[in-house]
Amino acid sequence: QVQLQESGGGLVQAGGSLRLSCAASLRPFNRYMMGWFRQTPGKEREFVAVIGRNGGTTYTNSVKGRFTVTRDNDKRTVSLQMNDLKSEDTAIYYCAAKSGTILTSPLSTRSEEYNHWGQGTQVTIST
């Protein structure tokens, strides 16, 4: 039972765009806070973006204005649109879900607080 599965990763030139998707089997999907994290070899997993149950979003400073996270509760998917990609965006990107929240819960940026994780998808930016 794969509860979260990412797709859409690949090799893109600097300045280009890529859209990542995460398919969730978690139900009811609209009760989960959904986050995106990334990890580079030798570095700690870092927060990228999160979208709450009510659609509110938060981004890490380095991707603000370039990345957009959205969710489709009917399709049970969450996406990460990445524009103006830079070499430092190269990483494995992970989709994560956090349960046990209410509509007004603060958006979580800590990986330790998420309960479910996908296997990741590789994003490589060439220069």
Side-chain angles (χ1 to χ4, degrees):
Q1 163 82 283
V2 178
Q3 296 181 302
L4 297 174
Q5 187 164 42
E6 305 93 337
S7 62
L11 176 64
V12 184
Q13 290 185 69
S17 298
L18 201 61
R19 185 177 181 86
L20 305 183
S21 294
C22 175
S25 62
L26 297 166
R27 292 182 174 85
F29 180 66
N30 62 6
R31 291 189 181 177
Y32 289 85
M33 182 179 295
M34 302 298 298
W36 285 97
F37 294 79
R38 64 188 181 187
Q39 188 165 30
T40 300
K43 295 185 64 180
E44 239 180 78
R45 186 169 297 185
E46 69 171 341
F47 166 76
V48 177
V50 58
I51 184 165
R53 293 174 58 185
N54 62 359
T57 59
T58 293
Y59 301 87
T60 191
N61 287 337
S62 63
V63 308
K64 286 181 179 176
R66 299 190 297 121
F67 290 12
T68 302
V69 61
T70 56
R71 68 189 296 162
D72 186 328
N73 291 334
D74 289 335
K75 295 181 178 179
R76 289 184 285 110
T77 61
V78 60
S79 298
L80 184 68
Q81 178 65 47
M82 306 185 294
N83 298 327
D84 190 25
L85 286 161
K86 306 175 184 299
S87 60
E88 51 264 43
D89 294 319
T90 293
I92 298 176
Y93 283 71
Y94 297 89
C95 175
K98 184 181 189 302
S99 64
T101 67
I102 60 175
L103 290 174
T104 55
S105 290
L107 297 178
S108 176
T109 62
R110 301 179 69 249
S111 61
E112 295 82 4
E113 297 181 351
Y114 287 77
N115 313 103
H116 308 282
W117 292 85
Q119 293 298 108
T121 185
Q122 177 70 50
V123 171
T124 302
I125 313 304
S126 63
T127 58

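Not measured: the values here are computed from a predicted model.
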| So, for Tyr114 and Ser108, which heavy atoms are closest and what is the spacing to 0.1 Å? | OH-O, 2.8 Å
| query | Is any side-chain N of the basic residue among Lys98 and Glu113 closer than 4.0 Å to the acidic one's carboxylate O? | reply | no
| query | Given side chains that start at C-beta, do those of Cys95 and Trp117 come closer than 4.5 Å, heavy atoms only? | reply | no
| task | Might you point out which heavy atoms bring Asn83 and Ser17 nearest each other, and give the distance in Å? | result | OD1-OG, 2.9 Å
| Can you tell if the side chain of Leu85 reaches within under 4.5 Å of the side chain of Phe67, non-hydrogen atoms only? | yes
| request: For the residue pair Thr121 and Ile92, establish whether any side-chain heavy-atom pair is separated by less than 4.5 Å. | output: no
| Single hit among Leu107, Thr104, Asn30, Thr101 for side chain to side chain contact (heavy atoms under 4.5 Å, CB included) with Arg53 | Thr101
| request: Could you tell me whether Asp74 and Arg76 make a salt bridge, using a distance below 4.0 angstrom between a side-chain N and a carboxylate O? | output: no
| task | Provide the closest heavy-atom pair for Gly118 versus Tyr94 in the form atom of the first, atom of the second, distance. | result | O-CD2, 3.6 Å
| said: Can you give me the closest heavy-atom contact between Ala97 and Leu26, atom names plus distance? | reply: CB-CD1, 3.5 Å
| Do Leu80 and Thr68 have side-chain heavy atoms sitting under 4.5 Å apart? | no
| message | Run Thr77 and Asp72 through side-chain hydrogen bond (donor to acceptor under 3.5 Å, both in side chains) and show every step you take. | response | CA-CA 5 Å; Thr77 61; Asp72 186 328; 5.1 Å; no
| remark: Gln119 and Glu6 have their tightest heavy-atom pair at N-OE1, 3.1 Å
| said: Please give me the minimum heavy-atom distance between Leu20 and Trp36, naming the atom from each residue. | reply: CB-CH2, 3.8 Å
| note | Rounded to the nearest 0.5 angstrom, the OG-CZ distance for Ser79 and Arg71 is 11.0 Å
| task | Output the distance between atom OG (Ser87) and atom CD (Gln13), rounded to the nearest 0.5 Å. | result | 13.0 Å
| So do the side chains of Val63 and Arg38 get within less than 4.5 Å of each other, counting heavy atoms only? | yes
| said: Under the ring-ring contact (aromatic ring centres under 6.0 Å, His included) definition, can you give me all pairs with a residue in residues 40-65, not counting sequence neighbours? | reply: Phe37-Phe47
